[in-house]
Amino acid sequence: MTLTMEGVTTQPLTLPEELIVMLLNEETGYFHQVPGWDLNCAVIGAVLAELSLVSRIDTDMESLILLDDTEVGSPILDPILKEIAEEPVQRNAQFWIERLAPRAESIVDLTLDRLVELGMLEYHDGEFWTLSHTVGRRDLVSGNGDGTAVEFVTSRIRNVIFNNEIPFPRDVVIVCLLNTCDVLRFIFHIDDEHEERIQAICKLDLIGRAIAEAVAHNLAGPLLQRSALTKKIPTVSLRKLLFNSHIRKGNIPALFADLAQEYGPVFQIRTPFSERMIFLAGPETNHWVHRRGRMYLRARDYFVDFENVYGSAGVLPSLDGADHFRLRKSLSAAYSRKRLAGQLDELYDHARTHMAQWNVGDIYPATGMSRRMINAQISPFMVGVETQDIIDDLLKFKERALSVHVMKIMPKFMLKTPGMRRRTKLIGTLLERIQSVHTPAQRAGQHRNLVDDYLSLHASDPQFMPESNLRFAFTAALVASAYLGDAFSFTLYAMASQPEIYAKIQAEADALFGDGDPDPENFTPAAIDVTHRFLTECLRIYPIVPMSIRNVMNSCVVEDYELPVGSRIIIAQTASHYMEDVFPDPFTFDIDRYLPPRNEHLSPGYAPYGLGTHMCLGSRWMELQLAVNVLMVAHYFRLEVSPSNYKHRFNPLPSMKPSKKLKFHIAEQRRELNV
């Protein structure tokens, strides 16, 4: 298929690309679910069929024949062609499909990258894809009319199946591939007559028939799911767990890294009076969770009791599948870097106003100081009201609820104490404040915020976004003050404890703010090079959310270990932050890790924002807000760690934050704030 787009050179689509486009399900942002072996065979079949169409190979009933080993200039087709050319014995198509099937995953990744590069698909954080809206309508030469790429391919296949048109060779292959994947019934309404037509079409192509044979008669694929062929998940000795040096320091990622080093990427911990917990740790399991986890793992089971505390059901962290994708898309603008960049002047004002309360010589607890500075910005930006007087209580209630219902390290009555009952009422106080200012007249001329987005969604679809969910949604917006505030406290500690880095960040800050407040476009990679690499290393060595919890909804095999249905899985995605083979000398704070050619963050081992569909939606917002705050502190103040002999420790539950012993001493004010 060839596309001609406005202002763009004609681009051909290969059969693997047409297959991926047809499999895309825009409702879920992913693809129609196809059994792994079936999809692998279909992908390799598409590659072989494309090589046949470009006259590199041919097939008959007995053999796949090499016609020409000249490269076609494709990173997908050329390696396959080379392997066929190097095989000393002539084989048939089914042999090659079965032999090459394990390489299908990398082919899918390359295909998706090219479709994004062509502008046909848009990639969204969390491993979602949608059809591109930037390219718009396309004049499809072969289709003699307007339509999108998917509409064109769909129209061709519809005519072949339903109008008995004589199919072109590539149409035959696409029908065979889709039939093998068993997704035609999701795209079209297929009755018995049409099923007969499909089977007749599939018989017209030898490669298509070979694909069907590979799927139907393969012996290895189904056996891969059998527990008899999988390894036994090793159990961590409680002694090894309790006497690990990192557990005493609260360094959960380093603890998991040690356990993975000794027990492997999948291990379990059994403690008295509790269910077993299965852990996934390492870059390989990170990659699996990121790309395949959505098909096997779900978030709802562990989160339902927590959301019930707020009287809600089906909130963003507990949703999976199409509903999760829809809500994520609806809120993406609210958490975007672009929205924050449009309010930088206000961010500067909020930061200066808060820092004006600092006095030289004073000493402040690190966690409280950092959280309150961030909340002074998050509250007006996200919910449009002042919350400094209630934020500490709201965060304590949230942390207690997490400890009871998610971490399960406290009994349920701990949420019913007089203090917790009082804090529960403050959720109502927050809602009253928000509702009092979010009227059309009062919001006129204001920057749109998260509450506006939620209220619009509620008005347009009150069943999808019921009023009962707004209690959690608005409170959760302020929970960002805890996570982002704790990340900020770690960055201030890292900066204050390393004078050489502090001086370099000050130099960048002085250059940016020396002639007035910088515009968004001034935060270029070159302008904040040291600051950016410094923050990247802080997020590695001090991850705020070191692990994620999921339940297995479909049995699966990960790194040769079977995860049975119903199992509770702990994804220790930041364990690899402390693995020597991923980050050499991992306990050393080294911002040069992120310079070429090292680029150590460009791997599945770097996962400070989580993995897969539940990746942090506001990661880009967070990066900009952290950078601005660190630079402004460096520009106006010199901080010191207090006490001076402080030995760093983590307070790890329910999320990572500095030890309560860490404080910051305001040692010097470098210039006036001019509030």
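Each residue takes its place number in the sequence, starting with 1.
Only one option out of H354, Q625, Q343 pairs with Q377 in a side-chain hydrogen bond (donor to acceptor under 3.5 Å, both in side chains); it is Q625. Evaluated for a side-chain hydrogen bond (donor to acceptor under 3.5 Å, both in side chains) with Y594, the options H601, E600, E537 yield exactly one hit, E537.
In this structure, the side chains of M369 and F488 stay at 4.5 Å or more apart for every pair of heavy atoms. Using a 4.5 Å cut-off on side-chain heavy atoms (C-beta onward), Y310 and T475 make contact. Put simply, the side chain of K647 does not reach to within 4.5 Å of the side chain of R649, judged on heavy atoms. Contact of the M382 side chain with the W621 side chain is registered, since non-hydrogen atoms from C-beta on lie closer than 4.5 Å. At least one side-chain heavy atom of F664 sits under 4.5 Å from a side-chain heavy atom of S370. Using a 4.5 Å heavy-atom cutoff, the side chains of I571 and L297 are in contact. Put simply, the side chain of S619 reaches to within 4.5 Å of the side chain of D125, judged on heavy atoms.
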* Decide salt bridge (charged side-chain N to carboxylate O under 4.0 Å, His left out) for E399 and R371; before the verdict, give the C-alpha distance in whole Å, the side-chain angles of both, and the deciding distance to 0.1 Å. => CA-CA 14 Å; E399 291 183 345; R371 286 184 175 186; 2.8 Å; yes
* Asked: Going through the distances and angles, do L535 and T491 end up as a side-chain contact (heavy atoms from CB on, under 4.5 Å)?
  -> CA-CA 7 Å; L535 293 176; T491 63; 3.6 Å; yes
* Steps toward side-chain contact (heavy atoms from CB on, under 4.5 Å) verdict (R550, V289) -> CA-CA 10 Å; R550 298 289 183 269; V289 170; over 6 Å; no
* Report the C-alpha distance between L327 and L457 in whole Å, list the side-chain angles of each, state the deciding distance to 0.1 Å, and finish with yes or no for side-chain contact (heavy atoms from CB on, under 4.5 Å). => CA-CA 9 Å; L327 184 53; L457 188 57; 3.5 Å; yes
* Worked verdict on D392 versus K396 for salt bridge (charged side-chain N to carboxylate O under 4.0 Å, His left out) -> CA-CA 6 Å; D392 290 341; K396 287 178 182 177; over 6 Å; no
* To do: Would you please test W358 and V633 for side-chain contact (heavy atoms from CB on, under 4.5 Å) and show each step?
  => CA-CA 11 Å; W358 297 353; V633 169; 4.1 Å; yes
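A donor-acceptor pair under 3.5 Å links the side-chain atoms of E307 to the main chain of V315, judged by distance alone. Side-chain atoms of H577 come within 3.5 Å of backbone N or O of R540 as a donor-acceptor pair. N244 contributes no side-chain N or O that, together with a main-chain N or O of L255, makes up a donor-acceptor pair within less than 3.5 Å. E284 places no side-chain N or O within donor-acceptor distance of the main-chain N or O of P265, the cut-off being under 3.5 Å. With Y606 contributing its side chain and T536 its backbone, the two residues share a donor-acceptor pair below 3.5 Å. In this structure a side-chain-to-backbone donor-acceptor pair under 3.5 Å is present from E580 to D585. When atom types are taken as modelled, the side chain of Y483 and the backbone of V545 share no donor-acceptor pair closer than 3.5 angstrom. A donor-acceptor pair is defined here as one N or O able to donate and one able to accept, closer than 3.5 Å; no such pair exists between the side chain of R423 and the backbone of K398.
Taking all atoms of both residues into account, the shortest heavy-atom contact from V641 to A496 is CG2-CB, 3.9 Å. Of all non-hydrogen atoms in V385 and R433, the two that sit nearest each other are CG1-O, 3.5 Å. Between M465 and L470 the shortest heavy-atom distance is SD-CD2, 4.1 Å. Taking all atoms of both residues into account, the shortest heavy-atom contact from V309 to A401 is CG1-CB, 4.5 Å. In terms of heavy-atom proximity, S603 sits nearest to V582 at OG-CG1, 4.1 Å. Between A487 and M622, the shortest heavy-atom distance links the atoms CB-CE, 3.6 Å.
Under the 3.5 Å distance criterion, with hydrogens and angles disregarded, a donor-acceptor pair is assigned to the side chains of R448 and S456. Between the side chains of D320 and T613, no donor N or O sits under 3.5 Å from an acceptor N or O. A donor and an acceptor atom, one from each side chain of D452 and Q446, are nowhere located under 3.5 Å apart. N449 and H438 form a side-chain donor-acceptor contact under 3.5 Å, judged by distance and modelled atom types alone. In this model, a donor atom of one side chain and an acceptor atom of the other lie less than 3.5 Å apart for Y636 and R352. Using modelled atom types and a 3.5 Å distance limit, the side chains of S379 and Q388 yield no donor-acceptor pair.
Note that the CG atom of N629 and the CG atom of L492 stand 8.5 Å from one another [nearest 0.5 Å]. The CD1 atom of I434 sits 11.0 Å away from atom OG1 of T429, with the distance rounded to the nearest 0.5 Å. Note that CZ of F256 and OG of S576 are 12.5 Å apart. Values are rounded to the nearest 0.5 Å. Taking CD1 from I378 and CG from L478, the interatomic distance works out to 8.5 Å, rounded to the nearest 0.5 Å. Atoms SG and OH, from C538 and Y493 in turn, are 10.5 Å apart once rounded to the nearest 0.5 Å. To the nearest 0.5 angstrom, I666 atom CD1 is 8.5 Å from N359 atom CG.
At most 12 non-hydrogen atoms from other residues, nucleotides or ligands lie less than 6.0 angstrom from NZ of K504. Residue-environment remark: CD (E672) stays at or below the threshold of 12 foreign heavy atoms within 6.0 Å. Counting heavy atoms of neighbouring residues, nucleotides and ligands inside a 6.0 Å radius, atom NZ of K408 exceeds 12 of them. The neighbour count for D515 CG, taken as heavy atoms of other residues, nucleotides or ligands under 6.0 Å away, does not exceed 12. Heavy atoms from other residues, nucleotides or ligands lying under 6.0 Å from NE2 of H350 number more than 12.
Geometrically, R593 does not engage F583 in a cation-pi contact defined by less than 6.0 Å to the ring centre and at most 45° from the axis. Annotation: cation-pi pair R294/F128 present, NZ/CZ under 6.0 Å from the ring centroid and within 45° of its normal.
Remark: E640 engages R638 in a salt bridge, criterion side-chain N to carboxylate O under 4.0 Å. A salt bridge links D393 with R422: the distance from a Lys NZ or Arg NE/NH1/NH2 to an Asp or Glu carboxylate oxygen falls below 4.0 Å. Under the 4.0 Å criterion applied to side-chain N and carboxylate O atoms, R300 and D323 are not assigned as salt-bridge partners.
In this view, F587 and H246, Y578 satisfy the ring-ring contact (aromatic ring centres under 6.0 Å, His included) rule, not counting sequence neighbours.
Ring pair F650/F490: centre-to-centre distance below 6.0 Å. For F303 and H614, the ring centers are positioned 6.0 Å apart or more.
Ring-plane geometry between F589 and F534 is classed as tilted, the angle between the planes lying from 30 to 60 degrees on a 0 to 90 degree scale.
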